[in-house]
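Everything below concerns the one structure shown next.
Not measured: the values here are computed from a predicted model. Letters A, B, ... are given to chains in the order of the sequence lines, protein chains preceding strands, and every chain is numbered from 1.
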2 protein chains.
Amino acid sequence: MWADKISVVIVDDHSIVIEGIKSLLLLDQRLNITGHFTTGKTAYNFIERERPHVVLLDINLPDINGIDLCREIKTVAPEIKILALSNHAERNIIMQILQSGANGYMLKNVSQQELLKGISAVVKGDIYFSNEVREIIAKPAKSELKGVPRLTKREKQVLVLIAEGKTTQEIATQLNVSPLTIETHRRNLHFKFQVKNVAELIMAATRCQLL
Amino acid sequence: MWADKISVVIVDDHSIVIEGIKSLLLLDQRLNITGHFTTGKTAYNFIERERPHVVLLDINLPDINGIDLCREIKTVAPEIKILALSNHAERNIIMQILQSGANGYMLKNVSQQELLKGISAVVKGDIYFSNEVREIIAKPAKSELKGVPRLTKREKQVLVLIAEGKTTQEIATQLNVSPLTIETHRRNLHFKFQVKNVAELIMAATRCQLL
DNA sequence: TTAAAAATACTGGAAAACCAGTAGAAAAAA
DNA sequence: TTTTTTCTACTGGTTTTCCAGTATTTTTAA
């Protein structure tokens, strides 16, 4: 009788949310909540050992990033279904966690029906999105269409130093390289973001949440 | 026996959160949850009629702003204790809702103990903050200390054009003034934001939500 | 190990931003 | 209406960024 129940683990840094999900899921006899955690590390240890069917995973965790945790779980146990449950309504966040192997995404304002529907769906092997999320995925914003350029480690460093108001000279000194090198990085940043000066660069980088 | 129970109303747009709070509060026999709502309007109608002792109020509501709802409740029934329960960890939001008459503020990651402690405190007439909130209030961020500079209409115009990547020349043309005038505006913007180049300017203006 | 990507550095020149101080005209507030 | 603020504009510089192209070394991935 217990054997065919769906085991569910809840990971969320808010105990209120954990309690809420628990009480919503308790009403479905087929589900069995085998654990709940407020930190990524404790959750990972448990999940790796116990291999639940489904993990309800929040993206904001105090210790590690939910997106990274998702990837790590999928690496050791790809059969575990991960249903991301988050407040983030931004397209790129949704895409990121799907890229990391999540089987579904819902915002925290889901109804009980939708939550249960989502769990059933991912258990069956489907990818599930709540209605709101479906809309977000459907209509990509102008700014997001451009895509986020892939920056190298060095370029990211230079970018944040530029954003801090440092001059090419200062950045060069701080990173122990020639100012000419920093100029090259600057030019590459401008090229990658398709902008023509610092103002636009900072705006573009902010839009892409790189700052 | 029922008469001396503390009546509590929960207002939050996430049913998960409502369930979570409910299950946490159920454990305290002195509390009686008389209603829970996901919209400001329905909550207000009920609260005005039923006059609960305590309202647990979220700031993000679909229809009206939690801060405004707080003020409205306090206008018709100042004796009702309002405990704000929110995800916002920004100092100015906390201050705003306190200004609107709230009796306490806690982040949604509170523990059960703290939640109950908060309710008891506001019922007794105290103002209550969860630990994290106390810290936020205690140490105002650098950026907030500086405050948002008061910009003139023209300066705001110039600022957004700078952010769009326009050069001094282009801005001058667009606004039909001399480039020298725009330079002056630029200098004044730098002075008002206490920055020394465009990168910092855009960052500062973004922080102040002027862009 | 080999190919590709990234980080490094250079020349030389043009454009734009930044600094400091002044000051008249227009608009808004007292 | 008078005062204050804002917008305008100038002189004469200095610093910094921006552009275009090339090239070696180091690191990373196939």
Any side-chain N or O of A/Thr168 less than 4.0 Å from the OP1 or OP2 oxygen of D/dT17?
-> yes
Determine, for A/Arg186 against A/Glu183, whether the closest basic-nitrogen to carboxylate-oxygen distance falls under 4.0 angstrom.
->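 Salt bridge flag = no for A/Glu183 with A/Arg186.
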Give the rounded distance in Å between these two atoms: [atom1] of [X] and [atom2] of [N].
{"X": "B/Asn188", "N": "D/dA9", "atom1": "CG", "atom2": "C1'", "value": "13 Å"}
{"X": "B/Glu200", "N": "D/dT17", "atom1": "CD", "atom2": "P", "value": "12 Å"}
{"X": "B/Leu189", "N": "D/dT8", "atom1": "CG", "atom2": "P", "value": "13 Å"}
{"X": "A/Phe193", "N": "D/dT17", "atom1": "CZ", "atom2": "P", "value": "17 Å"}
{"X": "A/Leu180", "N": "C/dA7", "atom1": "CG", "atom2": "P", "value": "17 Å"}
{"X": "B/Lys196", "N": "C/dA17", "atom1": "NZ", "atom2": "C1'", "value": "14 Å"}
{"X": "B/Phe191", "N": "D/dT6", "atom1": "CZ", "atom2": "C1'", "value": "15 Å"}
{"X": "A/Arg186", "N": "C/dA7", "atom1": "CZ", "atom2": "P", "value": "17 Å"}

5'-most by nearest nucleotide on DNA chain C - B/Thr184 or B/Asn197 | B/Asn197
B/Val177 vs A/Arg187, nearer the 5' end of DNA chain D by closest nucleotide |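 Per heavy-atom nearest nucleotide, the more 5' residue is B/Val177.
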Does any residue of residues 152-165 of chain B have a heavy atom under 4.0 Å from DNA chain C, and if so, which ones, in number order?
->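 Within residues 152-165 of chain B, no residue comes under 4.0 Å of DNA chain C.
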What pair of heavy atoms forms the shortest contact from A/Gly66 to A/Leu57, and how long is it?
->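 In this case the closest contact between A/Gly66 and A/Leu57 is O-CD2, 3.5 Å.
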Correct closest heavy-atom pair for B/Ser100 and B/Arg71 would be OG-NH1, 3.3 Å
May I ask you to say what [X] touches in the nucleic acid, namely base, sugar-phosphate or nothing, with a heavy-atom cut-off under 4.0 Å?
{"X": "B/His190", "answer": "sugar-phosphate"}
{"X": "A/Ser178", "answer": "sugar-phosphate"}
{"X": "B/Glu183", "answer": "base"}
{"X": "B/Thr181", "answer": "base"}

Taking the side chain as every heavy atom from C-beta outward, state whether B/Leu69 and B/Ile82 have any atom pair closer than 4.5 Å.
->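 Not touching, per the 4.5 Å side-chain cut-off.
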Ignoring hydrogens and geometry, is there a side-chain-to-backbone donor-acceptor pair from A/Ser7 to A/Asn32 under 3.5 Å?
->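 Flag not set: sc A/Ser7 to bb A/Asn32 has no pair under 3.5 Å.
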Is the NZ or CZ atom of A/Arg134 both under 6.0 Å from the centre of the six-membered ring of A/Tyr128 and within 45° of that ring's axis?
-> yes
Report the nucleotide, chosen from C/dC18, D/dA9, D/dC7, that has the shortest atom-to-atom distance to any side-chain atom of B/Val198.
-> C/dC18
Decide salt bridge (charged side-chain N to carboxylate O under 4.0 Å, His left out) for B/Glu114 and B/Lys117; before the verdict, give the C-alpha distance in whole Å, the side-chain angles of both, and the deciding distance to 0.1 Å.
-> CA-CA 5 Å; B/Glu114 229 174 359; B/Lys117 215 163 115 188; 5.7 Å; no
